[in-house]
Amino acid sequence: MKELMLGNKALARGLWEAGVKFVSSYPGTPSTEITEEAVKFDEIYCEWAPNEKVAMESAFGASLAGRRAFCGQKHVGLNVAADPLYTLSYTGINAGLVVVVADDAGMHSSQNEQDSRHHAIAAKVPMLEPSDSAEALNFAKLAYEISEQFDTPVLIKMCTRVAHSQSVVETGERVEPLKTYEKNIAKYVMMPGNAKKRHPIVEERTKKLIEYAETSPINRVEFFTDELGIITSSTCYQYVKEVFGESASVLKLGMINPLPVELIKNFAARVKKLVVVEELDPIIETHVKSLGLQVSGSEILPRIDEFSQNLIAEKLGVRETGKGISLEDQIPARPPVMCAGCPHRGLFYSLKKRKCTVLGDIGCYTLGAVPPLSTIELTLCMGASIGATHGFNKMLGSQSEGKTVAVIGDSTFMHSGMTGLANVAYNQSNSTVIILDNSITGMTGHQQNPSTGLNIKGDPAGKIDLEALCRAMGINRVRVVDPYNLKECDAAIKEELAAAEPSVIISRRPCALLKTVKHKPPLFVDKNKCIGCKSCMKIGCPAISMKDGKAVVDQTQCVGCEVCSQLCPKKAFAREA
């Protein structure tokens, strides 16, 4: 049966067809939908783990038990999971274990551009890279065959364009191979004596995988001419085909670690000019040069951002770039902004009012860094806000302790913020941490987490009590505020910053976009009372604008949170009677 599918949905279908029984992931754009689609299959147990490291370790446990397992994350998530991955390369697996990492070239929803092929090379594990939805499905199934044939975890590298684009796939039936667990201390207990014996096995496996890569049909030559040969993979393959058609021969690589040797040499010998087209780092190009071949690529093509058909055409000089059709009127810029009724807005306004130094974290609340709030001064990686605040306060002491706070979301706190708070409590920096508890993992599309009390299917689950947890970690001062109440927020920030010990403020209000949240009727502005002072504009709510010198509320956006009315000196905001 043929069907049009998103790349992520197709990969999830591939997991089902491969007989996967266990999926553990942490949401991260552009990988999230894989797990959200996998959970729709009753045969697969799925879960959101607290973080990617836990997800990979859990998936390995399922593999050890003899069931095919999967773990998914975005590129920065693999950094978190690298610890188990690198040693899994030594232990090998029992049932097949496949790990998806979704890169985000162009940084559509990420804090860096990172090429995850480096992880595959460093961990010495095979990596497959599909170029469309059909390959996403087929490579998922093939990955489990490779995993079990070569006794290794297998990485599949997705990217934004493959994950979130649609193409036709042909679906198949499910197979469900099962294995039994057998105790094997020498294989699975990686103390130095055992690990030393496993390393040569990894090196020998790499040689066998290179032999596999030489003849595997996922690495294929499309030969049309001897004038130009292009080596490429993933979405770059699609761009190359669109730009060159049959005017260039192509070596399309589906396995990008380890890379073949003889296949590349033979292809290079058949063409007069050889070019590598790959996004971000010159990994294929470096390999080709190590074979003593003349090749161009990175000196022509950029190492930053996503490629496109027009960019490749321009840089390789084969035709004019498409100019497209421009609109008569210029479209105004639409900078990112927190939603109308976002519970974080009032809290950030209070922090700005007190001129606090705010070290932030990863989540939709990172938008607290943009105007008009412009409050967050640091965003590094998941959980870094608390550790950074601790170090900042330890070094500056009284210069910073009375005005510096860490802000972190509830899901991010569960992910990797707890250890930072433990450090604050244990090493006693006078730091204030604000947990922005909006009862969901907001930025990636409303996934549950260990503090929400619901699992991936929305069923009741274990719920972590944030207040009790913070106290158990050694924080004596823990309080909860409603971010819609500006006076309450202001008082809490003032008092906790003045305290002579670590403290935690939990800003608790559900995300305004949750289906379960019932909003109040929208507000309107009494034009007779409004003096056009723009005090209400200071919070940056997209539902409020100025027209003819007066504030105006967009009734379709307003959720009646009343934060704006607390700023109005003339009480011009009201509801219909």
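In this structure, the side chains of Leu274 and Ile231 come closer than 4.5 Å at one or more pairs of heavy atoms. Contact check for Glu306 versus His108: side-chain heavy atoms found under the 4.5 Å cut-off. For the pair Arg270/Val221, a side-chain contact is recorded, criterion being any heavy-atom separation below 4.5 Å from C-beta on. The shortest distance between side-chain heavy atoms of Leu253 and Pro260 falls below 4.5 Å. For the pair Thr389 and Ile386, the minimum side-chain heavy-atom distance is 4.5 Å or more. Between Gln447 and Thr444 there is a side-chain heavy-atom pair separated by less than 4.5 Å. Using a 4.5 Å heavy-atom cutoff, the side chains of Leu128 and Lys157 are not in contact. Put simply, the side chain of Val76 reaches to within 4.5 Å of the side chain of Gln111, judged on heavy atoms.
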### Task
Carefully, step by step, assess Arg174 and Glu43 under the rule salt bridge (charged side-chain N to carboxylate O under 4.0 Å, His left out).
CA-CA 10 Å; Arg174 178 174 168 88; Glu43 298 90 344; 5.1 Å; no
### Task
Run the numbers on Phe307 and Tyr239 for ring-ring contact (aromatic ring centres under 6.0 Å, His included), then give the verdict.
CA-CA 8 Å; Phe307 286 2; Tyr239 304 150; 7.7 Å; no
### Task
Begin with the C-alpha distance, continue with both residues' side-chain angles, and end with the deciding distance and a verdict on side chain to side chain contact (heavy atoms under 4.5 Å, CB included) for Ser234 and Val162.
CA-CA 8 Å; Ser234 189; Val162 176; 4.1 Å; yes
### Task
Show your working on salt bridge (charged side-chain N to carboxylate O under 4.0 Å, His left out) between Arg303 and Glu113 and close with a plain yes or no.
CA-CA 10 Å; Arg303 294 190 184 186; Glu113 283 184 309; over 6 Å; no
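With hydrogens and angles left out, the side-chain atoms of Tyr237 and Glu222 include a donor and acceptor closer than 3.5 Å. For the residue pair Ser63/Asn94, the side-chain donor-acceptor check at 3.5 Å is not satisfied. Ser167 and Asp132 form no side-chain donor-acceptor contact under 3.5 Å, judged by distance and modelled atom types alone. With no hydrogens or angles considered, a side-chain donor-acceptor pair links Gln114 and Asn79 at under 3.5 Å.
Judged by distance alone, with hydrogens and angles left aside, the side-chain atoms of Thr366 form a donor-acceptor pair with the main-chain N or O of Gly363 at under 3.5 Å. The backbone N or O of Met255 sits less than 3.5 Å from a side-chain atom of Asn219, completing a donor-acceptor pair. Distance alone, capped at 3.5 Å, is enough to place a donor-acceptor pair between the Thr232 side chain and the Val277 backbone. Within the 3.5 Å criterion, the main-chain N or O of Ser451 finds a donor-acceptor partner in the side chain of Lys463. At distances below 3.5 Å, not a single donor-acceptor pair connects side-chain atoms of Ser116 with backbone N or O atoms of His75. Proximity of a side-chain donor or acceptor of Lys187 to a complementary backbone N or O of Asn194 within less than 3.5 Å is not detected. Of the possible donor and acceptor atoms, one in the side chain of Asp115 sits under 3.5 Å from a partner among the backbone N and O of Asp281. With hydrogens and angles disregarded, no donor-acceptor distance shorter than 3.5 Å links the side chain of Glu3 to the backbone of Val169. In terms of modelled atom types and a separation under 3.5 Å, the side chain of Arg471 and the main chain of Leu466 share no donor-acceptor contact. Distance alone, capped at 3.5 Å, is enough to place a donor-acceptor pair between the Tyr365 side chain and the Ile362 backbone.
Contacts of Lys394 classified as side chain to side chain contact (heavy atoms under 4.5 Å, CB included), with partners at least two apart in sequence or in another chain: His390, Ser429. Contacts of Glu148 classified as side-chain hydrogen bond (donor to acceptor under 3.5 Å, both in side chains), with partners at least two apart in sequence or in another chain: Arg68. Considering only residues two or more places apart in sequence or on other chains, Glu278 meets the side-chain hydrogen bond (donor to acceptor under 3.5 Å, both in side chains) condition with Arg117. With sequence neighbours left out, the ring pair (Phe, Tyr, Trp, His ring centres under 6.0 Å) criterion links Phe413 to no other residue. Residues satisfying the side chain to side chain contact (heavy atoms under 4.5 Å, CB included) criterion with Ala425, sequence neighbours excluded, are Ile475. Listed by chain and residue number, Tyr86, His119 satisfy the side chain to side chain contact (heavy atoms under 4.5 Å, CB included) test with Ala82 (two or more places apart in sequence, or in another chain). Scored by the side-chain hydrogen bond (donor to acceptor under 3.5 Å, both in side chains) test, Lys53 finds Glu57 as partners (sequence neighbours excluded).
Residue pairs meeting the side chain to side chain donor-acceptor pair (under 3.5 Å) criterion with at least one partner in residues 23-33, sequence neighbours excluded, are Asn8-Glu33, Ser24-Glu47, Ser25-Thr35, Tyr26-Ser411, Glu33-His164. For residues 250-266, the side chain to side chain donor-acceptor pair (under 3.5 Å) pairs, not counting sequence neighbours, are Glu135-Lys252. Annotation: salt bridge (Lys or Arg N to Asp or Glu O under 4.0 Å) contacts involving residues 75-98, sequence neighbours excluded, are absent. Counting only residues at least two apart or in different chains, side chain to side chain donor-acceptor pair (under 3.5 Å) contacts with residues 197-212 comprise Ser89-Arg205, Tyr90-His199, Lys124-Glu203, His199-Glu203. Within the structure, side chain to side chain donor-acceptor pair (under 3.5 Å) contacts touching residues 452-461 (residues at least two apart or in different chains) are Gln448-Thr452.
Among all heavy-atom pairs drawn from Met414 and Pro450, the shortest one is SD-CB, 3.8 Å. Across all non-hydrogen atoms, the minimal contact from Thr152 to Ile146 is CG2-O, 4.3 Å. Nearest heavy atom pair, residue Ala143 against residue Ile156, reads CB-CD1, 3.9 Å. Closest heavy-atom contact between Ser385 and Gly360: CB-O, 3.1 Å. Here the closest heavy-atom approach between residue Thr441 and residue Pro27 is recorded as CG2-CG, 4.2 Å. Nearest heavy-atom pair across Val295 and Lys289 is CG1-CG, 3.5 Å.
Environment of OH in Tyr426: sparse, with no more than 12 heavy atoms of neighbouring residues, nucleotides or ligands closer than 6.0 Å. More than 12 heavy atoms of other shown residues, nucleotides or ligands fall within 6.0 angstrom of atom CD in Glu299.
Atom-to-atom distance recorded for Thr379:OG1 and Leu359:CG is 9.0 Å, nearest 0.5 angstrom. Considering OH of Tyr144 and CD1 of Ile93, their distance stands at 10.5 Å, rounded to 0.5 Å. How far CD of Glu279 is from OG1 of Thr160: 9.0 Å, rounded to the nearest 0.5 Å. Atoms CD and CG, on Gln428 and Asn423 in that order, are 10.5 Å from each other to the nearest 0.5 Å. One distance of note links OG1 of Thr412 with CG of Asp361; it measures 5.5 Å at 0.5 Å rounding. Going from atom CG of Asn51 over to atom CG of Asn449 covers 12.0 Å, rounded to the nearest 0.5 Å.
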